Engineer: 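Got a structure for you, questions after.
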Amino acid sequence: MNISKTYQPKQAEDKWYSYWLEKGFFKSVPDEREPYTIVIPPPNVTGVLHMGHMLNNTIQDVLIRRARLKGKNACWVPGTDHASIATEAKVVAMLKERGIAKKDLSRDEFLSYAWEWKEKYGGIILEQLKKLGASCDWDRTRFTMDADLSEAVIDTFIHLHKKGWIYRGIRMVNWDPQGKTAVSDEEVIRKEVNQKLYYIRYEVSSIKYQVSGNENSETQVLNTNDLILGTNNNRLTIATTRPETIMADAAICINPNDERYFHLHGKKVLIPLINREIPIILDEYVTMDFGTGCLKVTPAHDLNDYELGIKHGLPIIDILNDDGTLNDKAQILVGEDRFAARKKIAVLLDEAGVLEKVEEYKSQVGFSERTNAVIEPKLSMQWFCKMEEMAKPALDYVLKGDIKLIPEKFTNTYKYWMENVKDWCISRQLWWGQQIPAWYLPNGQYVIAKTVNEALELAKQLAPHNPQLTTLDLRQDEDVVDTWFSSWLWPISVFNGFKDPDNVDINYYYPTNDLVTAPEILFFWVARMIMAGHEFRGQLPFKNVYLTGIVRDKLGRKMSKSLGNSPDPLDLIDKHGADGVRVGMLLSSPAGNDLMFDESHCEQGRNFANKIWNAFKLIKGWEVDEHLENPNSVAINWFNSRFNEALQQIEENFNQYRLSEALMVTYKLVWDDFCAWYLEMIKPVYQQPIDKTTYETTIKYFQNILIILHPFTPFITEELWHDELFGIRADNDCCIVAQLPTIGQIDTQIVGEIEVIKQLITEVRNVRNAKQIPKDKLPLLMKVNSAINYQQYSAILFKLANLESMDFTDVKIAGAANFIVGTDEFYIVLADNIDVDAERERLNAELAYLHGFLKAVNAKLQNERFVANAKPEIVDNELKKKTDAETKIKIIQESLSLLAN
RNA sequence: GGGAGCUUAGCUCAGCUGGUUCAGAGCAUCUGCCUUACAAGCAGAGGGUCACUGGUUCGAACCCAGUAGCUCCCA
């Protein structure tokens with residue numbers, strides 16, 4: 001029999017993953033069992049696996065596998081998200097490489113390229129998940145643009161529009177000039193950026209409230225210059241980080257209480273370079289002590305200015321094109337990109353002598369999450385979804401505890417967001433996605449309908465005077481809906497709950513049990529799923545939301561492609577095995593806390609797999625002699641209790657979603673209790689046979705260990721499960737579908753006493769180390785003061801402490817190496833006597849410690865208020881501590897006096 | 001600027017309802033071992049003013065207040 005020295009993950013992983021698939025163990029169909037359901041947070045269809053996915057999906061797989069072992073009907077639904085912006089950007093880039101520009105393609109042509117791309121690259125990430133061992137029901141794989149899922153999106157759009165919750169309006173949106181689309185607030189990442197603050201001088205116009213069309217600005221320039229040159233009272237200075245937007249200015253705003261500017265009330269100023277005249281307006285919105293106290297108001301390019309503009313009835317002058325270049329309204333620098341224009345205008349202003357100074361300035365700038373372009377606040381016609389009414393029930397689910405957020409701390413953030421929810425801009429100026437089902441009539445009116453024919457019907461009602469209207473007269477809205485407008489339906493739509501709301505699957509699997517996702521998308525995905533669940537099914541979509549942390553590197557930086565600090569997950573699996581990586585990911589990842597990823601954790605995981613492998617190797621090598629008696633009943637009983645104890649702890653940890661704790665309990669049970677102690681206790685002498693009872697019991701224990709390990713390390717456990725050591729397995733007898741052992745009896749006495757025995761063994765080993773006699777068999781004498789029956793443990797002691805003899809004594813033994821465990825005294829008589837001085841020192845130190853301990857205990861007990869207030873069991877415990885300490889002190893004092901003789 | 005959270009061993013984290021001299025785990029470190037399952041291992045050991053300052057209490061890592069530092073969310 002030739003078993004490799006270490007565990008070799010590679011073949012086992014491929015072999016068993018295909019085997020599981022072949023046997024259909026991941027497959028779930030509704031039956032009489034209790035369901036346990038997870039829907040995957042669908043990764044971007046174009047994405048590749050990163051460390052965040054690894055963590056997230058490892059957790060889901062652990063949960064789903066455990067549910068399976070508990071006999072539940074476990075169903076993990078996988079799939080991908082069409083990710084409008086990200087995917088469209090990739091397709092555009094691909095086309096560009098092929099020399100094709102998006103603008104030269106029709107919508108249909110573009111979409112066929114996009115689908116081609118999706119078929120080719122989409123789903124790579126799902127293949128990668130398989131390497132990790134993800135036990136998803138692959139037959140249920142969905143894509144957010146599958147025909148029926150898209151249909152659900154359109155239907156819900158129509159539904160919400162009918163309710164009056166979807167409307168069209170001009171609003172200031174976050175514009176991504178690179179993606180050329182609006183993005184939601186949640187997709188904007190604010191970062192602090194070093195910028196420049198430009199101080200620009202505006203001249204006050206001579207003409208007071210002369211309403212002019214401003215058509216002949218050149219003459220005005222001459223006039224004004226003549227009039228006000230050199231008079232400080234006739235100029236003002238504003239500070240801005242965006243000088244390229246001065247051409248879009250609609251006013252200058254000052255605080256009405258600002259004494260410095262009283263003389264400017266009612267005046268107008270001229271925008272430098274273009275000399276357009278704008279009014280000076282008064283509003284307390286302006287902070288007097290910030291900058292110069294003069295604020296340029298640019299309604300088209302700043303949200304606050306927009307609101308100020310509305311209030312004061314200012315015109316909105318939009319000088320930017322969709323791609324971030326300046327348009328004709330800017331009058332100068334037309335066609336330049338906004339950032340190029342910023343640099344150039346600074347030069348122009350300087351040349352014109354109106355640039356007073358430039359300061360360094362730090363401020364928050366919004367970036368597009370998808371393209372990383374600087375977000376431009378921009379006015380545009382968009383579709384919005386009202387949130388207020390949907391937010392209320394969604395908040396209640398969480399506040400009432402029907403949906404639990406894990407960890408709980410996220411409830412606060414959730415509450416805040418839901419109470420301050422803003423309408424959701426759901427239109428995106430893209431082609432890849434579900435096209436908005438709005439159809440425009442030639443006169444600009446629109447109807448919302450599922451098909452063009454339905455739209456025509458509605459249109460005819462709307463325009464009775466125009467009976468000749470045909471579908472050709474209708475133009476469908478060009479935009480698609482936000483990707484989240486499809487993914488918020490995910491838990492319902494994967495079970496076909498829209499088209500067929502009463503089907504067997506949705507009735508069985510929905511609401512799902514656990515959702516595992518990142519806190520970043522708590523709002524724009526999780527919260528909206530809860531809203532959708534309530535609105536479209538009147539039910540919550542899941543019961544628990546487990547929020548993982550962000551995977552960071554050792555330096556605490558978020559792992560990202562651009563930083564290059566993220567290891568390739570598949571390389572890690574290649575290096576340490578999938579089981580090793582899974583253990584590594586879980587070792588230090590409490591819910592909601594960021595995970596400082598360190599590859600050494602994976603190494604630890606690999607070592608653990610190897611430890612399991614070697615325990616197997618040991619047992620595998622044993623020969624059974626049927627005639628032998630079982631000498632190991634104590635060890636067998638002890639491990640049984642320890643196992644049940646651990647099982648209970650694991651259960652509790654899972655109930656509280658403490659996955660890393662559950663893993664650690666399992667880890668220690670296997671490594672310490674099973675390998676280091678149990679196997680050492682029962683292990684026969686080299687090349688000696690073992691008795692049948694011990695052998696069979698040990699195999700049973702090992703098999704149970706494989707089951708509890710399985711959620712964490714599925715591959716090695718399945719590999720070992722099928723070894724003939726466990727007998728001939730029936731066809732479907734696999735670890736993945738084994739039954740989790742139930743928690744049995746725990747004999748606390750034996751568990752406690754073995755702890756003492758372990759300490760005793762450690763002490764003997766310490767004597768060996770100290771005396772440099774690693775291999776000699778030693779004689780042990782015991783002076784027992786406790787109730788422990790050491791005779792019962794003699795076999796274990798002989799073996800693990802390597803004893804020559806074990807005898808009892810009523811008297812202290814002078815000159816022997818000695819130690820105390822609990823209140824029992826132990827002596828080992830050695831050839832050379834112990835060092836009396838060192839021994840005295842050791843005992844005195846021990847004595848001092850005990851005196852201190854006793855003093856503290858006595859102080860408590862003598863404190864009347866303690867005795868009066870503390871719970872009785874606490875007081876009893878103090879009394880017990882007192883007697884114990886006194887006994888020990890007595891023993892040590894006797895030992896010291898013995899030394900003196 | 002507003003809000004939430006965190007700070008415990010070199011690192012990553014437990015520590016539940018305040019109660020054992022309660023300060024714990026894993027990893028790392030140090031010492032000794034290639035002892036027939038495993039050096040990816042075994043046997044031992046060291047390591048901490050629980051961020052700081054006050055308060056409540058018979059008793060505080062834990063509760064309260066303030067301070068400092070860090071992180072996240074919102075503006």
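Below, chain A is the first sequence line, B the second, and so on; all start at residue 1. Nothing here was measured: the structure is a model prediction, and the numbers come from that model.
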Engineer: Could you measure between the two P atoms, the one in B/G15 and the one in B/C63, and give it in whole Å?
Structural biologist: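 Going atom to atom, P in each nucleotide, I get 12 Å.
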Engineer: Mind calculating the distance between CD (A/Glu408) and P (B/G5) to the nearest angstrom?
Structural biologist: 12 Å
Engineer: Considering every strand and a 4.0 Å limit on heavy-atom distances, what is the contact class for A/Tyr416: base, sugar-phosphate, or nothing?
Structural biologist: sugar-phosphate
Engineer: Just how far, in rounded Å, is C1' of B/U36 from CG of A/Leu679?
Structural biologist: 15 Å
Engineer: Within this structure, what is the CD-to-P distance between A/Glu520 and B/C73, rounded to whole angstrom?
Structural biologist: 8 Å
Engineer: Show your working on salt bridge (charged side-chain N to carboxylate O under 4.0 Å, His left out) between A/Lys378 and A/Asp302 and close with a plain yes or no.
Structural biologist: CA-CA 7 Å; A/Lys378 188 176 160 64; A/Asp302 183 278; over 6 Å; no
Engineer: In this structure, is the centre-to-centre distance between the rings of A/Tyr701 and A/Phe643 below 6.0 Å?
Structural biologist: no
Engineer: Surrounding CD of A/Gln893 (heavy atoms of other residues, nucleotides or ligands, distance under 6.0 Å), is the total greater than 12?
Structural biologist: yes
Engineer: Measuring centre to centre across the rings, with the benzene-like ring taken for any Trp, is A/Tyr414 within less than 6.0 Å of A/Phe523?
Structural biologist: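 Centroid separation for A/Tyr414 and A/Phe523: 6.0 Å or greater.
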Engineer: Is the shortest side-chain N to carboxylate O distance from A/Asp673 to A/Lys668 below 4.0 Å?
Structural biologist: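 Salt bridge: no.
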Engineer: Among B/A37, B/C73, B/U21, which nucleotide has an atom closest to any side-chain atom of A/Glu878?
Structural biologist: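 The answer is B/U21.
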Engineer: What is the distance from CG of A/Asn877 to P of B/G18, rounded to the nearest Å?
Structural biologist: 17 Å
Engineer: Quick check on B/C27: is either OP1 or OP2 less than 4.0 Å from any side-chain nitrogen or oxygen of A/Tyr667?
Structural biologist: yes
Engineer: Quick check against the 3.5 Å criterion: does A/Asn863 have a side-chain atom that pairs as donor or acceptor with the backbone of A/Phe866?
Structural biologist: yes
Engineer: Using the P atom on both, measure B/A4 against B/G19 and round to a whole Å.
Structural biologist: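 Roughly 27 Å separates the two P atoms.
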Engineer: Measure the distance from CZ on A/Arg768 to P on B/U35 and round it to the nearest whole Å.
Structural biologist: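 Answer to the nearest Å: 16 Å.
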Engineer: Assuming nearest nucleotide by heavy-atom distance, tell me which of A/Gln604 and A/Asn304 is located more 5' along RNA chain B.
Structural biologist: A/Gln604
Engineer: Glycosidic conformation of B/U49, syn or anti, with 90° from 0 as the boundary?
Structural biologist: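 Glycosidic conformation of B/U49: anti.
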Engineer: Distance between the C1' atoms of B/U67 and B/U7, in whole angstroms?
Structural biologist: 14 Å
Engineer: Can you work out whether A/Ala848 or A/Ser600 has the more 5'-proximal nearest nucleotide on RNA chain B?
Structural biologist: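 Comparing both residues, the 5'-ward one is A/Ala848.
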Engineer: Scan residues 575-587 of chain A for pairs that pass side chain to side chain donor-acceptor pair (under 3.5 Å), counting only residues two or more places apart or in two chains.
Structural biologist: A/Asp61-A/Arg582, A/Lys575-A/Glu599, A/His576-A/Glu599
Engineer: Please give, in whole Å, the distance from B/A25 P to A/Leu586 CG?
Structural biologist: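 For the pair A/Leu586 CG and B/A25 P, the rounded distance is 22 Å.
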Engineer: Can you name the salt bridge (Lys or Arg N to Asp or Glu O under 4.0 Å) partners of A/Glu408, sequence neighbours left out?
Structural biologist: none
Engineer: Check nucleotides 15-17 of chain B for protein N or O atoms closer than 3.5 Å to its own N or O atoms and list the pairs.
Structural biologist:
from, atom 1, to, atom 2, distance (Å)
B/G15, OP1, A/Arg658, NH1, 3.2
B/G15, OP1, A/Arg658, NH2, 2.8

Engineer: Establish, from distance only, whether the side-chain atoms of A/Glu719 and A/Thr717 form a donor-acceptor pair under 3.5 Å.
Structural biologist: no
Engineer: Looking just at side-chain N and O atoms, do A/Asp824 and A/Ser786 make a donor-acceptor pair shorter than 3.5 Å?
Structural biologist: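 A pair is found: one side chain offers a donor N or O, the other an acceptor, under 3.5 Å apart.
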Engineer: For A/Trp721, does its backbone N or O pair with a side-chain atom of A/Gln703 as donor and acceptor, under 3.5 Å?
Structural biologist: no
Engineer: Please give the distance between the C1' atoms of B/C52 and B/A68 as a whole number of Å.
Structural biologist: 7 Å
Engineer: For a quick check under 3.5 Å, do A/Asn544 and A/Tyr657 share a side-chain donor-acceptor pair by atom type?
Structural biologist: yes
Engineer: Among B/U21, B/G5, B/G26, find the nucleotide with the atom closest to the side chain of A/Lys881.
Structural biologist: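 In terms of side-chain proximity for A/Lys881, the closest of B/U21, B/G5, B/G26 is B/U21.
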Engineer: Using Watson-Crick or G-U wobble pairs with both distances under 3.5 Å, give me RNA chain B in dot-bracket, 5' to 3', with [ ] for crossers and | for pairs to another strand.
Structural biologist: (((((((..((((.....[....)))).(((((.......))))).....(((((..]....)))))))))))).
Engineer: If you measure from the C1' atom in B/C70 to the same atom in B/A45, how many Å do you get, rounded?
Structural biologist: 34 Å
Engineer: Quick one: is B/A75 close enough that its OP1 or OP2 comes under 4.0 Å of any side-chain N or O from A/Lys422?
Structural biologist: yes
Engineer: Please measure how far the C1' atom in B/U49 lies from the corresponding atom in B/A9, and state the result in whole Å.
Structural biologist: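 Comparing C1' positions in B/U49 and B/A9 gives a spacing of 13 Å.
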Engineer: Should we count NZ of A/Lys617 as having more than 12 external heavy atoms under 6.0 Å?
Structural biologist: yes
Engineer: What are the two closest heavy atoms between A/Leu803 and A/Lys777, and how far apart are they?
Structural biologist: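 Smallest heavy-atom distance, with atoms named: O-CD, 4.0 Å.
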Engineer: Atom CD of A/Glu419 to atom C1' of B/G3: distance rounded to whole Å?
Structural biologist: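 For the pair A/Glu419 CD and B/G3 C1', the rounded distance is 13 Å.
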Engineer: Judged by atom type as modelled, is there a donor-acceptor pair below 3.5 Å linking the side chain of A/Thr694 to the main-chain atoms of A/Ile690?
Structural biologist: no
Engineer: Using the C1' atom as the reference point in each nucleotide, state the distance between B/C72 and B/U57 in Å, no decimals.
Structural biologist: 35 Å
Engineer: If we take the P atom in both B/C16 and B/A40, what is their distance in whole Å?
Structural biologist: 38 Å
Engineer: Mind checking A/Glu661 for me? I need base, sugar-phosphate or nothing, with any heavy atom below 4.0 Å counting as a touch.
Structural biologist: sugar-phosphate
Engineer: State yes or no: are the ring centers of A/Phe608 and A/Tyr667 separated by less than 6.0 Å?
Structural biologist: yes
Engineer: Taking NZ from A/Lys880 and P from B/G19, how many angstroms apart are they, rounded to a whole number?
Structural biologist: 18 Å
Engineer: Along nucleotides 38-50 of chain B, 5' to 3', which nucleotides get a B, which get an S, and which get a -, given that the test is a protein heavy-atom distance under 4.0 Å?
Structural biologist: BSBSSSSS-----
Engineer: Are any protein N/O atoms closer than 3.5 Å to N/O atoms in nucleotides 57-63 of chain B? If there are, list each pair with its distance.
Structural biologist:
from, atom 1, to, atom 2, distance (Å)
B/C58, OP1, A/Arg865, NH1, 3.1
B/C58, OP2, A/Arg865, NH1, 3.3
B/C58, O2', A/Asn863, ND2, 2.7

